[in-house]
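One structure is given below, encoded as structure tokens.
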There are 2 protein chains.
Amino acid sequence: MYTRLMSTRDRLVEATRELLWERGYVGTSPKAIQQAAGAGQGSMYHHFAGKPDLALAAIRRTAQELRAAAEAALGGEGSAYDRVEAYLRRERDVLRGCPVGRLTMDPDVMASPQLRAPVDETLDWLRGRLAGILQEGLERGELTGPLDPEAVAATVVATVQGGYVLARSSGSAAAFATAVDGLLLLLSAHKVPAEQGRSE
Amino acid sequence: MYTRLMSTRDRLVEATRELLWERGYVGTSPKAIQQAAGAGQGSMYHHFAGKPDLALAAIRRTAQELRAAAEAALGGEGSAYDRVEAYLRRERDVLRGCPVGRLTMDPDVMASPQLRAPVDETLDWLRGRLAGILQEGLERGELTGPLDPEAVAATVVATVQGGYVLARSSGSAAAFATAVDGLLLLLSAHKVPAEQGRSE
DNA sequence: GTCTATAACACGATAGAC
DNA sequence: GTCTATCGTGTTATAGAC
């Protein structure tokens, strides 16, 4: 149930976002959406063509939010390592999993070019953004090789996505943190100590 | 459809394993299982108490197979690094995702202590097995610190699980390989070159 | 815009014949 | 052991009143 300060359309989208996160596309019925949004059948089919159309609106919104949250950490102050660490350690609803990444396991989402596009684009943007930061770190002399930015960026994204799996499996958010710790430990071996002439 | 050389019971389990892998628990109906197995309603409910019971048999079997496949790589010849690499690079149906890991995103599986137990146990065993190998590598002088075996083991498992997400998202198995490459690149910085007195 | 009614089918399971 | 019949409920809509 969402506040009546939101339009029916927005409540439907928000309810769908929550259910998609919790139960996936296959596990989410129009009826469940309507009940969560406090809307009738008629309202839903007035605002949206059907379940796929509503899901598309929800997925796009979720992808946009994820991107903004990631950028808040990645675009911050500090060295390349610091920004990657900030991203890895940012606050997360770990036990709920990744609202975007989990859609990759949904057969109906993957079967629809429309629904899968925002998922692919978001993860690809994230990987590219991380690669750029790592590349910059190498160029600025903050990081030392051998360190392929594209490959390590993929590893960073994969560790996060897999961290959710470990956390949900064990029922503990600590499992996510441990995987991140391991990655940062490996990455920190490539840190160049800050020397005179730069940031201190 | 499965060979008639298998018992009806086994065909039901195999069909369930395939559908669970492809569509998850929530997305798999008894009817779909029966059709894939070439069995009627009566057969299914004769051999199994219901969908959860059948799913449990299927999940246990899948977990067992995954464990055996992982052990084949992890228990092989070579240094700690080599065995971890063998595990990471072992042949996989990358675009299908992990048949065990994907269950962590299934709300009905996670809500059932019985169904989630094999998932948790399998991933936990894998993490522990990897940690043991890394620890051994440190003790034997094949690997050099700082390298927390428990944390890095979690990172290895997470990279694999997340690699599946990246591969399915992009529709390309190469994305999995890239994430693995990045991890091995980071880990290889801790390799101690084989010297006189050991294995050569 | 939102509501209720209805439809055609799928879901997950039970009953009982064979 | 396997089959068909049946059940009550849920799914994904469409129709049409208000």
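Chain letters run A, B, ... following the sequence lines, proteins first and then strands; every chain starts at 1.
The CZ atom of A:F48 sits 11 Å away from the P atom of C:dT2 (whole-angstrom rounding). The distance between atom CG of B:L54 and atom C1' of C:dC11, rounded to the nearest whole Å, is 15 Å. Taking atom CD1 on B:I33 and atom P on C:dA10, their separation rounds to 16 Å, with Å as the unit. When rounded to the nearest whole Å, the span between CD of A:Q35 and P of D:dT12 equals 13 Å. Protein atom CG of B:D10 is 15 Å distant from nucleotide atom C1' of D:dG1, rounded to whole Å.
Applying the salt bridge (Lys or Arg N to Asp or Glu O under 4.0 Å) test to residues at least two apart or on different chains, the pairs with a partner in residues 21-45 of chain B are A:D108-B:R23, B:E22-B:R96. Identified under the ring-ring contact (aromatic ring centres under 6.0 Å, His included) test for residues 52-86 of chain A, with sequence neighbours left out: none. Residue pairs meeting the ring-ring contact (aromatic ring centres under 6.0 Å, His included) criterion with at least one partner in residues 120-152 of chain B, sequence neighbours excluded, do not occur; the list is empty.
Residues that satisfy the side-chain hydrogen bond (donor to acceptor under 3.5 Å, both in side chains) test with A:R127, not counting sequence neighbours, are A:D124, A:E150. Residues satisfying the ring pair (Phe, Tyr, Trp, His ring centres under 6.0 Å) criterion with A:F176, sequence neighbours excluded, are A:Y164.
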Base-contact (B) and sugar-phosphate-only (S) positions in nucleotides 12-17 of chain C, heavy-atom cut-off under 4.0 Å, - elsewhere: SBB---

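Counting only heavy atoms from C-beta outward, the side chains of B:R9 and B:H46 never approach each other to under 4.5 Å.
Here B:H46 does not reach the OP1 or OP2 of D:dC3: none of its side-chain N or O atoms lies under 4.0 Å away. Proximity of B:T8 to the phosphate of D:dG1: no side-chain N or O atom is located under 4.0 Å from OP1 or OP2.
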